[in-house]
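Step one of this worksheet: look at the structure below.
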Amino acid sequence: MGVLILLHRACVALFSNDKSSILMVKHNEGNRIYWTLPGGAIEPGESAEECATREVKEETGLDIEIVTPLFDDSYMANDQMRRYRCFLGICRSNQIPQLGFDPEDGDLPNRSKTLQDLQWKSISEMSEDLQIKQVLDSLIS
């Protein structure tokens with residue numbers, strides 16, 4: 001019998017109007033700084049879709065609509081296997097993303113905050129990123 005691994009996180013792939021870029025946020029987790037898709041932890045009683053929509057709003061200021069699930073994946077964190085779901089999203093209107101915040105950061109100084117930057121990254125520039133590869137593979141299949 002397999003081990004049930006609950007969904008812990010959700011993220012969203014948002015493409016520019018011309019589909020040449022994808023919206024990414026830069027995370028600072030102490031010893032690691034990296035670019036990733038907007039997303040975060042699923043709160044109790046929240047669906048993965050609700051989480052994805054809320055997290056994008058917190059991190060980018062964008063109101064989005066979930067189009068479809070793209071893929072599920074797993075990762076290790078604190079010696080536990082965790083699972084996340086990635087969705088394809090679209091903006092509800094012509095909005096400009098702005099760097100938001102992680103509520104858990106509270107009153108931390110800017111250099112210590114989780115969210116450090118927000119950019120439209122070109123698909124070609126991010127083509128070797130594992131998460132972006134999964135997004136693109138999901139859209140092709």
Side-chain angles (χ1 to χ4, degrees), residues 2-141:
V3 176
L4 176 64
I5 303 173
L6 299 175
L7 281 174
H8 289 85
R9 299 180 72 77
C11 64
V12 179
L14 295 165
F15 289 90
S16 59
N17 289 338
D18 67 2
K19 309 288 189 260
S20 67
S21 302
I22 191 163
L23 191 61
M24 305 282 292
V25 290
K26 186 178 185 181
H27 277 211
N28 173 11
E29 291 186 356
N31 60 346
R32 276 183 55 205
I33 296 177
Y34 58 94
W35 288 96
T36 189
L37 296 173
I42 298 172
E43 295 179 353
E46 188 175 52
S47 71
E49 292 87 347
E50 291 167 335
C51 170
T53 302
R54 175 183 53 77
E55 287 286 345
V56 168
K57 180 70 172 175
E58 287 176 2
E59 294 183 4
T60 71
L62 298 175
D63 292 311
I64 65 155
E65 183 176 321
I66 299 295
V67 176
T68 188
L70 293 175
F71 63 88
D72 286 8
D73 200 3
S74 300
Y75 63 98
M76 288 296 291
N78 302 324
D79 297 323
Q80 287 185 319
M81 184 61 72
R82 299 193 177 206
R83 205 169 117 217
Y84 74 94
R85 178 162 295 152
C86 184
F87 296 96
L88 177 62
I90 57 170
C91 289
R92 292 184 187 264
S93 62
N94 195 12
Q95 306 167 68
I96 297 172
Q98 297 181 352
L99 184 63
F101 64 95
D102 187 327
E104 290 88 36
D105 284 349
D107 294 327
L108 290 174
N110 283 343
R111 69 181 182 286
S112 300
K113 292 189 184 291
T114 302
L115 294 176
Q116 293 289 307
D117 199 1
L118 169 75
Q119 289 181 17
W120 288 103
K121 295 286 208 173
S122 74
I123 299 296
S124 58
E125 175 187 356
M126 298 306 294
S127 65
E128 294 304 311
D129 180 273
L130 294 177
Q131 205 175 33
I132 302 308
K133 280 183 180 184
Q134 286 178 295
V135 167
L136 297 175
D137 288 348
S138 297
L139 292 170
I140 293 169
S141 57

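Taking both residues in full, the closest heavy atoms of Arg83 and Ser74 are given as CG-OG, 3.9 Å, listed atom of the first, atom of the second, then distance. For the pair Ile66 and Ala52, the tightest heavy-atom approach, listed with the atom from each and the gap, is CD1-CB, 4.0 Å. The two atoms that bring Tyr84 and Ala10 nearest to each other are CB-N, 4.5 Å, heavy atoms only. Closest of all the heavy-atom pairs between Ala41 and Cys51 is O-SG, 3.3 Å. Here the shortest heavy-atom pairing between Leu62 and Cys91 reads CD1-SG, 3.8 Å.
Not counting sequence neighbours, Lys26 has no partner by the side-chain hydrogen bond (donor to acceptor under 3.5 Å, both in side chains) test. Residues satisfying the side-chain hydrogen bond (donor to acceptor under 3.5 Å, both in side chains) test with Glu125, not counting sequence neighbours, are Lys121. Ser16 is linked by a side-chain hydrogen bond (donor to acceptor under 3.5 Å, both in side chains) to Asp18, counting only residues two or more places apart in sequence or in another chain.
Counting only residues at least two apart or on different chains, the ring-ring contact (aromatic ring centres under 6.0 Å, His included) pairs with a member in residues 34-58 are His27-Tyr34. The side-chain hydrogen bond (donor to acceptor under 3.5 Å, both in side chains) contacts involving residues 86-98 comprise nothing, where partners must be two or more places apart or lie in separate chains. Judged as a salt bridge (charged side-chain N to carboxylate O under 4.0 Å, His left out), the pairs with a partner in residues 60-69 (not counting sequence neighbours) are, in order, Lys57-Asp63.
Side-chain contact between Ile33 and Gln116: absent, with no pair of heavy atoms (C-beta onward) separated by less than 4.5 Å. Between Thr36 and Gln131 there is a side-chain heavy-atom pair separated by less than 4.5 Å. At a threshold of 4.5 Å between non-hydrogen side-chain atoms, the residues Phe87 and Val67 do not count as touching. A 4.5 Å side-chain heavy-atom check between Leu37 and Val135 finds at least one atom pair inside the cut-off. In this structure the side chain of Val56 never reaches within 4.5 angstrom of the side chain of Leu23, judged on heavy atoms. At least one side-chain heavy atom of Ile123 sits under 4.5 Å from a side-chain heavy atom of Phe15.
In this structure, CD1 in Ile22 is found 12.0 Å from OG in Ser127, a value given to the nearest 0.5 Å. Within the model, atoms OG1 of Thr68 and CD of Glu49 stand 9.5 Å from one another, a figure rounded to the nearest 0.5 Å. The distance from atom CD1 of Ile64 to atom CD of Glu55, rounded to the nearest 0.5 Å, is 10.5 Å. Interatomic distance, Leu88 CG to Phe71 CZ, rounded to the nearest 0.5 Å: 11.0 Å. Remark: Asp137 CG to Leu130 CG distance equals 10.5 Å, nearest 0.5 Å. Here Glu59 contributes atom CD and Leu115 contributes atom CG; the two are 4.5 Å apart, rounded to the nearest 0.5 Å.
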*Tell me, with the steps shown, if Leu70 and Gln134 meet side chain to side chain contact (heavy atoms under 4.5 Å, CB included).*
CA-CA 8 Å; Leu70 293 175; Gln134 286 178 295; over 6 Å; no
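Checked for salt-bridge contact, Glu58 and Arg54 meet the test: a charged N lies under 4.0 Å from a carboxylate O.
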